[in-house]
Colleague: 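Below: one structure in structure tokens.
Just so you know, these numbers come straight off a predicted model, no measurement behind them. To find a chain, count down the sequence lines: A is the first, B the second, and so on, and within it residues start at 1.
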Number of protein chains: 2
Amino acid sequence: MVTLAEVAQHAGVSASTVSYVLSGKRSISASTRQRVEASIRELGYHPNAGARALASSRSNIIALMIPLRTDMYVPVMMEIAIAVTTTARAHGYDVLLLTGEEGPGAVRRVTGSGLADGMILMDVELEDERLPLLRASGQPAVLIGLPADTTGLTCVDLDWRATGALCVEHLAMLGHRDLAVIGEAPAVYERHTGFAERTLDGLRNRAAELGLRVLHRPCEGGYDAMAATLARTLDERPDTTGFLVQNESAVEPLLALLRQRGRAVPEDVSVAAICPDQVAVQASVRLTSVGIPAQEMGRRAVERLVAKLDGHTPDEVLLLPPHLTPRTSSGPAATRS
Amino acid sequence: MVTLAEVAQHAGVSASTVSYVLSGKRSISASTRQRVEASIRELGYHPNAGARALASSRSNIIALMIPLRTDMYVPVMMEIAIAVTTTARAHGYDVLLLTGEEGPGAVRRVTGSGLADGMILMDVELEDERLPLLRASGQPAVLIGLPADTTGLTCVDLDWRATGALCVEHLAMLGHRDLAVIGEAPAVYERHTGFAERTLDGLRNRAAELGLRVLHRPCEGGYDAMAATLARTLDERPDTTGFLVQNESAVEPLLALLRQRGRAVPEDVSVAAICPDQVAVQASVRLTSVGIPAQEMGRRAVERLVAKLDGHTPDEVLLLPPHLTPRTSSGPAATRS
DNA sequence: TGGCCGCATCGAAGCGCTTCGACTCCTTGG
DNA sequence: CCAAGGAGTCGAAGCGCTTCGATGCGGCCA
């Protein structure tokens, strides 16, 4: 391995000069800079990460904690992770991947060891057990997702409440009065994942304001679960004409089952989904949907974190506004006889 | 931050003693060890990663390079990534996430800076541009996927050739003579991704041996693409009774389209898939499939890498044997009139 | 013309840890 | 009873980098 000292010797300057060329923290004459840069290139020098971290107490690494669970739509997680990584690189940071498996202890380990300069937590629950440790550690962090108590935390998330409301408005405008909400798996609600509860909340409030009836049913993905859920729903509310799906692996089964029952989409029933755009356009019916801005969430989270690390302390909670794209799965409610 | 020296002072021993307690590289009396451990706990000491890396020239980090592309089944990538991370933790390593975006230069950067002790490359192509750099760097590495030339490399992969052959055998045994292979998107073949070509290869060879006819059609995911592909396939080979799908986002469209055309599964046509088990059981018809052992691949890759880092140099290429699970999408070919 | 300031550079002191040699006991075999 | 050797501990020398004075030097203002 080539070291700073070797570069310095090769360029005929002192080690500190090379260091300043690299960091730009002091002015260096053009001629010296060029000489040093030439030596760096010629010797193929790469600064040693450990030494740099030790001397500067900055690792230039940010930790990304992703959930272990697979009961939520994985591609979204992946997209966020990739957006985080590429954005981080653009700011000169690398990304350390942590899984939920290690538990809250991971926060302490990373914090304590100086492995990372800051962290990004995904899949934050309303009462997340990692938060007390986070707050105590004083580690710069950004959450993707919104806990119940956000004091002292920086969060980035889709505005789920507005998302729910937006969907209801869309269906209401089309004349639908009875809505069924096909939700995430029961486990998602049980562990109080913020986004699921908030969506429901926003959606129910708006429905109440507009005088619509809403039936909410959590649903595991797949055909069998969806079949049972649909049967029950139509039993309980035969007049349901609007479906709102917030569970990607229930989308296709629902469409197939509606077809089976002879309910045409969108003539007999309308379907709107909260899912990645890719899912919406690849489905057997092009779905009216509110997209999940995974990339933007990842990018914003990193930008916020980097700003914190640079000493700026920007706004605390950033909610991205939802966008509904009407496609062919929703239309005017059939007028009743 | 608490340092080694503070722990040492607190415990009334020298710094090196604390270090040896931590690493276990020299024998320490039980009483001293206990005293030191108590101090560590009491002070909440965590060794500084940078200092440790500098002194030992080991970062205890492994780099995982994942592809940026999203034309392949993302959940599999994610599952591998998670398996890699948890296995790595179990061996005392953290995982640094690199995306393909940075290009082959990432290999050099990580190697040169001592950021990681070794790396795992995913989505390796037959003639991967990262390999020359990897070989040159001498960095311990494990590939998930098999390049054309494996000399000097350690690789872990599903035995795709055997996978293709296994599927053909299954359908042949059921009496099918005309097979259609619905493959990955054309782009996947164009960039010479090993697994796609190998599967095809294994499958064609076995089909030739058994006297079956095979039609291979790459296919983008989604309904429209699948509809076009299916129409063309049945035009060209009306007698096709066996379908083999190696593209998760074509599975459900295919099943729906077959239904539309009045071809019952498995009575009229059989369908086998190469996909994660979860996809196979969640489909509208429970699919006969060869699973993709994502977890095992991730786990094995880490184990191989850790062995290398520990100085053992185990076998170079590890091919996992495929397993076919018969479900309800395949059955005996209808006897011809 | 003298004093000052700013630019460019250097030297040295760490950052917190690992590791090697050395030292002190204490046991054990001859 | 002594030499040999092992167990347990310590001190010190780095690992490669950053960063804080200190230094030398030329230009500028009064």
Colleague: Between P on D:dC17 and CG on A:Leu22, what's the gap in Å once rounded to a whole number?
Modeller: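 Rounded to the whole Å, the gap is 9 Å.
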
Colleague: Is there a side-chain contact between B:Ser57 and the phosphate of D:dC15, meaning an N or O under 4.0 Å from OP1 or OP2?
Modeller: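 Looking at the OP1 and OP2 atoms of D:dC15, neither is under 4.0 Å from any side-chain N or O of B:Ser57.
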
Colleague: Does A:Ser19 make a side-chain N or O approach to OP1 or OP2 of D:dT18 shorter than 4.0 Å?
Modeller: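 Checking A:Ser19 against D:dT18: at least one side-chain N or O falls below 4.0 Å of OP1 or OP2.
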
Colleague: Can we say B:Asp123 and B:Arg191 salt-bridge, meaning some charged N sits less than 4.0 Å from an Asp/Glu carboxylate O?
Modeller: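 A salt bridge links B:Asp123 with B:Arg191.
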
Colleague: With a 4.0 Å cutoff (strictly under), does any side-chain N or O of B:Thr3 reach OP1 or OP2 of C:dG16?
Modeller: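 Negative; the distance criterion is not met.
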
Colleague: Can you tell me if B:Ser19 and B:Ser16 form a side-chain donor-acceptor pair at under 3.5 Å?
Modeller: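 Note: B:Ser19 and B:Ser16 side chains miss the donor-acceptor criterion.
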
Colleague: Looking for any heavy atom pair under 4.0 Å, which part of the strands does B:Ile28 touch: base, sugar-phosphate only, or nothing?
Modeller: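 Touches sugar-phosphate only.
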
Colleague: Ignoring the backbone of B:Ser27, work out which of C:dC15, D:dT19, D:dG8 is nearest its side chain.
Modeller: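 Looking only at heavy atoms from C-beta outward on B:Ser27, the closest nucleotide is D:dG8.
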
Colleague: Return whichever of B:Val13 or B:Ala51 has its heavy-atom-nearest nucleotide of DNA chain D closer to the 5' end.
Modeller: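 The answer here is B:Val13.
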
Colleague: So B:Thr32, base contact, sugar-phosphate only, or nothing? Heavy-atom distance under 4.0 Å.
Modeller: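 Contact class for B:Thr32: sugar-phosphate only.
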
Colleague: In whole angstrom, what separates B:Arg33's CZ from D:dG8's C1'?
Modeller: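 Interatomic distance, CZ of B:Arg33 to C1' of D:dG8: 11 Å.
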
Colleague: Can you tell me the distance, in whole Å, between the OH atom of A:Tyr45 and the C1' atom of D:dC17?
Modeller: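 Going from A:Tyr45 (OH) to D:dC17 (C1'), I get 7 Å.
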
Colleague: In whole Å, what is the span from the CE atom of A:Met1 to the P atom of D:dG16?
Modeller: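 Atom CE in A:Met1 sits about 10 Å away from atom P in D:dG16.
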
Colleague: How do B:His46 and B:Arg26 order along DNA chain C: which one's closest nucleotide is nearer the 5' end?
Modeller: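 Per heavy-atom nearest nucleotide, the more 5' residue is B:His46.
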
Colleague: Side-chain N or O of B:Arg52 versus OP1/OP2 of C:dG16: is the shortest distance under 4.0 Å?
Modeller: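 It does not, given that no N or O in the side chain of B:Arg52 lies less than 4.0 Å from OP1 or OP2 of C:dG16.
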
Colleague: Assess, by modelled atom type and distance only, whether the side chains of B:Glu316 and B:Thr154 contain a donor and an acceptor separated by less than 3.5 Å.
Modeller: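 Per modelled atom types, B:Glu316 and B:Thr154 side chains form a pair under 3.5 Å.
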
Colleague: Under 4.0 Å from OP1 or OP2 of C:dT18: is there any side-chain N or O of B:Lys25 that close?
Modeller: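 Checking B:Lys25 against C:dT18: no side-chain N or O falls below 4.0 Å of OP1 or OP2.
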
Colleague: Any idea which of D:dC17, C:dT19, C:dG16 is nearest the A:Asn48 side chain?
Modeller: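 The answer is D:dC17, which lies nearest to the side chain.
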
Colleague: What's the CG-C1' distance between B:Leu4 and D:dC10, to the nearest Å?
Modeller: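 After rounding, the reported distance stands at 14 Å.
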
Colleague: Does a salt bridge link A:Asp157 with A:Arg300, judged by any charged N lying under 4.0 Å from a carboxylate O?
Modeller: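 Not counted as a salt bridge, because no side-chain N and carboxylate O are separated by less than 4.0 Å.
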
Colleague: Is A:Ser29 near enough to C:dC7 that one of its side-chain N or O atoms lies under 4.0 angstrom from OP1 or OP2?
Modeller: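 Answer no for this pair, as no side-chain N or O of A:Ser29 is under 4.0 Å from OP1 or OP2.
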
Colleague: Could you check how far CG of A:Leu54 sits from P of D:dC17, rounded to whole Å?
Modeller: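 Rounding to the nearest Å, CG of A:Leu54 and P of D:dC17 are 12 Å apart.
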
Colleague: Check whether any side-chain N or O of A:Ser16 sits under 4.0 Å from OP1 or OP2 of D:dT19, and answer yes or no.
Modeller: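 No.
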
Colleague: Choose from D:dC20, C:dC15, D:dC10 the nucleotide whose nearest atom is closest to any side-chain atom of B:Tyr20.
Modeller: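 When the side chain of B:Tyr20 is considered, D:dC10 is the closest of D:dC20, C:dC15, D:dC10.
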
Colleague: Assess, by modelled atom type and distance only, whether the side chains of A:Tyr93 and A:Arg58 contain a donor and an acceptor separated by less than 3.5 Å.
Modeller: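 Yes.
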
